[in-house]
Student: 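Mind looking over this structure? Questions follow.
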Amino acid sequence: MSVQQYDEIGEAFEGFKALPLIRYGEVPSFLGMVGDVSGKSVLDLACGTGFYSREFKRRGAADVLGVDISVEMIAAAREIQRRDPLDVRYEVGDVAELRPLDRRFDIALGVQCLNYAENFAAMERMCRNIHRSLVPGGEFFVFAQNPDYRFDCPSLDKYGFLCEPTGEEIETGPRVRVTALLDPQPISIVGAAPRREVYEECLRVAGFSEVEWVPVQVSEAGIREFGEDFWADLLASPPLEMLRCRA
């Protein structure tokens, strides 16, 4: 899946985090799953413009390295850091071809990362590279498309997104087009929704254990803002899911 689609987005990617699904679902769920990072080292893979890199640095991480395949995403992350210095390191890199790093990390993050593997072998390489980059017992936290999401359920448009199959199937699962309904210009990204067993097998082969799937929840702030009924369709057919595992 071409890196060009991310190079064309740049800092506009930050706008995703303001949409209801992300602001009240993804972000609080992911932060809650990862938990306390005080004094820990964090490797943020497919970091984009550095949203989670910055957030975990603010939450007390001792060292944070953000890696992304997109030159423009890393440029945007560095520009945000220039305006708001947080001592986060960023570099351009492909997780499937990740260079040996100068240290091993306590925590690795993969938000919409593994689902860009073009095939089983590429995802396995990603997982091996991530495992190699963690201390023994280090944790890897993943955020991705729900492998069981049904595209014939109610639209996600009121939550800020459209999610549609492209009709193409690759080795890991169906290709999916996700459109963020940003104003004034929606942004579409094509990725994949790998099957559950693909994730689990690639992680196992790479040496990870204690693989646990974790559902996305809606925050109390989201309930207060929109009411419980607003979120009923999302919770009935969640488009996103998380998992955690240990090196």
Student: Does the pair Glu91 and Arg99 meet the rule for a salt bridge (Lys or Arg N to Asp or Glu O under 4.0 Å), with working shown?
Tutor: CA-CA 11 Å; Glu91 66 177 61; Arg99 70 173 181 85; 2.8 Å; yes
Student: I need the single residue from Arg103, Lys57, Arg104, Lys40 that forms a salt bridge (Lys or Arg N to Asp or Glu O under 4.0 Å) with Asp63. Which is it?
Tutor: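 Result for salt bridge (Lys or Arg N to Asp or Glu O under 4.0 Å) with Asp63: Arg103.
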Student: Around atom CZ of Arg196, are there more than 12 heavy atoms from other residues, nucleotides or ligands closer than 6.0 Å?
Tutor: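 For Arg196, atom CZ is crowded (more than 12 foreign heavy atoms under 6.0 Å).
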Student: Ring-plane angle category for Phe226 and Phe230, please: parallel below 30°, perpendicular beyond 60°, tilted otherwise.
Tutor: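 Taking Phe230 first and then Phe226, their aromatic rings lie parallel (interplane angle under 30°).
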Student: Below 4.5 Å, heavy atoms only, C-beta onward: do Lys158 and Asp233 meet side chain to side chain?
Tutor: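 They are in contact (side-chain heavy atoms under 4.5 Å apart), so the answer is yes.
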Student: Any idea which heavy atoms bring Ile170 and Ala192 closest together, and the distance?
Tutor: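 What the structure gives for the nearest pair is CD1-CB, 4.0 Å.
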Student: Does CZ in Arg89 sit with more than 12 non-hydrogen atoms of other residues, nucleotides or ligands closer than 6.0 Å?
Tutor: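 Yes, enclosed.
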Student: Using side-chain heavy atoms (C-beta onward) and a distance below 4.5 Å, is Tyr116 in contact with Val95?
Tutor: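 No, their side chains stay 4.5 Å or more apart.
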Student: Using modelled atom types only, decide if a donor and an acceptor are shared between the side chain of Asn146 and the backbone of Pro238 within a distance under 3.5 Å.
Tutor: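 Such a contact is found between Asn146 side chain and Pro238 backbone.
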Student: Could you check, using the six-membered ring where one of them is a Trp, whether Tyr24 and Tyr159 have ring centers closer than 6.0 angstrom?
Tutor: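 Ring-ring flag for Tyr24/Tyr159: false, centres at least 6.0 Å apart.
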Student: Answer yes or no: does atom CG of Asp84 have more than 12 heavy-atom neighbours from other residues, nucleotides or ligands under 6.0 Å?
Tutor: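 Result for CG/Asp84: enclosed.
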Student: Centres of the Phe141 and Phe143 rings: under 6.0 Å?
Tutor: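 No, too far apart.
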Student: Show the numbers, then the answer: is there a side-chain contact (heavy atoms from CB on, under 4.5 Å) between Val216 and Phe30?
Tutor: CA-CA 8 Å; Val216 171; Phe30 193 67; over 6 Å; no
Student: Less than 4.5 Å apart, side chain to side chain, heavy atoms only: is that true for Leu98 and Leu45?
Tutor: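 Yes, side chains in contact.
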Student: Below 4.5 Å, heavy atoms only, C-beta onward: do Glu26 and Met242 meet side chain to side chain?
Tutor: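 No, their side chains stay 4.5 Å or more apart.
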Student: Keeping Asp94 on the side-chain end and Ile69 on the backbone end, is there a donor-acceptor pair under 3.5 Å?
Tutor: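 Side chain of Asp94 to backbone of Ile69, a donor-acceptor pair under 3.5 Å: no, none is there.
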Student: A side-chain contact here means heavy atoms from C-beta on lying under 4.5 Å apart; do Glu124 and Cys202 qualify?
Tutor: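 Heavy-atom side-chain distance check passes, below 4.5 Å.
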Student: State, with a plain yes or no, whether a side-chain heavy atom of Ile223 is found less than 4.5 Å away from one of Glu220.
Tutor: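 Ile223 does not reach Glu220 side chain to side chain.
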Student: Which pair of heavy atoms, one from Ala96 and one from Asn129, lies closest together, and at what distance?
Tutor: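 It is O-ND2, 3.2 Å.
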Student: Measuring from Glu164:CD to Ser188:OG, what's the distance to the nearest 0.5 Å?
Tutor: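 These two atoms lie 7.5 Å from each other.
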Student: Output the distance between atom CG (Leu65) and atom CG (Leu43), rounded to the nearest 0.5 Å.
Tutor: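 Leu65 CG to Leu43 CG: 5.5 Å, rounded to 0.5 Å.
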Student: Can you tell if the side chain of Leu156 reaches within under 4.5 Å of the side chain of Cys163, non-hydrogen atoms only?
Tutor: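 Yes, at least one pair of side-chain atoms sits under 4.5 Å.
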Student: Going through the checks in order, is the salt bridge (Lys or Arg N to Asp or Glu O under 4.0 Å) test met by Glu210 and Arg244?
Tutor: CA-CA 8 Å; Glu210 301 178 34; Arg244 61 190 304 165; over 6 Å; no
Student: May I ask you to decide whether Glu55 forms a salt bridge with Arg59, counting only side-chain N to carboxylate O separations under 4.0 Å?
Tutor: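 Counted as a salt bridge, because a side-chain N and a carboxylate O are separated by less than 4.0 Å.
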Student: With heavy-atom distances below 4.5 Å as the criterion, would you say the side chains of Leu31 and Phe56 are in contact?
Tutor: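 Leu31 vs Phe56: side chains touch.
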Student: Report, as yes or no, whether the 6.0 Å neighbourhood of atom CD on Glu228 holds more than 12 heavy atoms from other residues, nucleotides or ligands.
Tutor: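 Open: at most 12 neighbouring heavy atoms sit under 6.0 Å from CD of Glu228.
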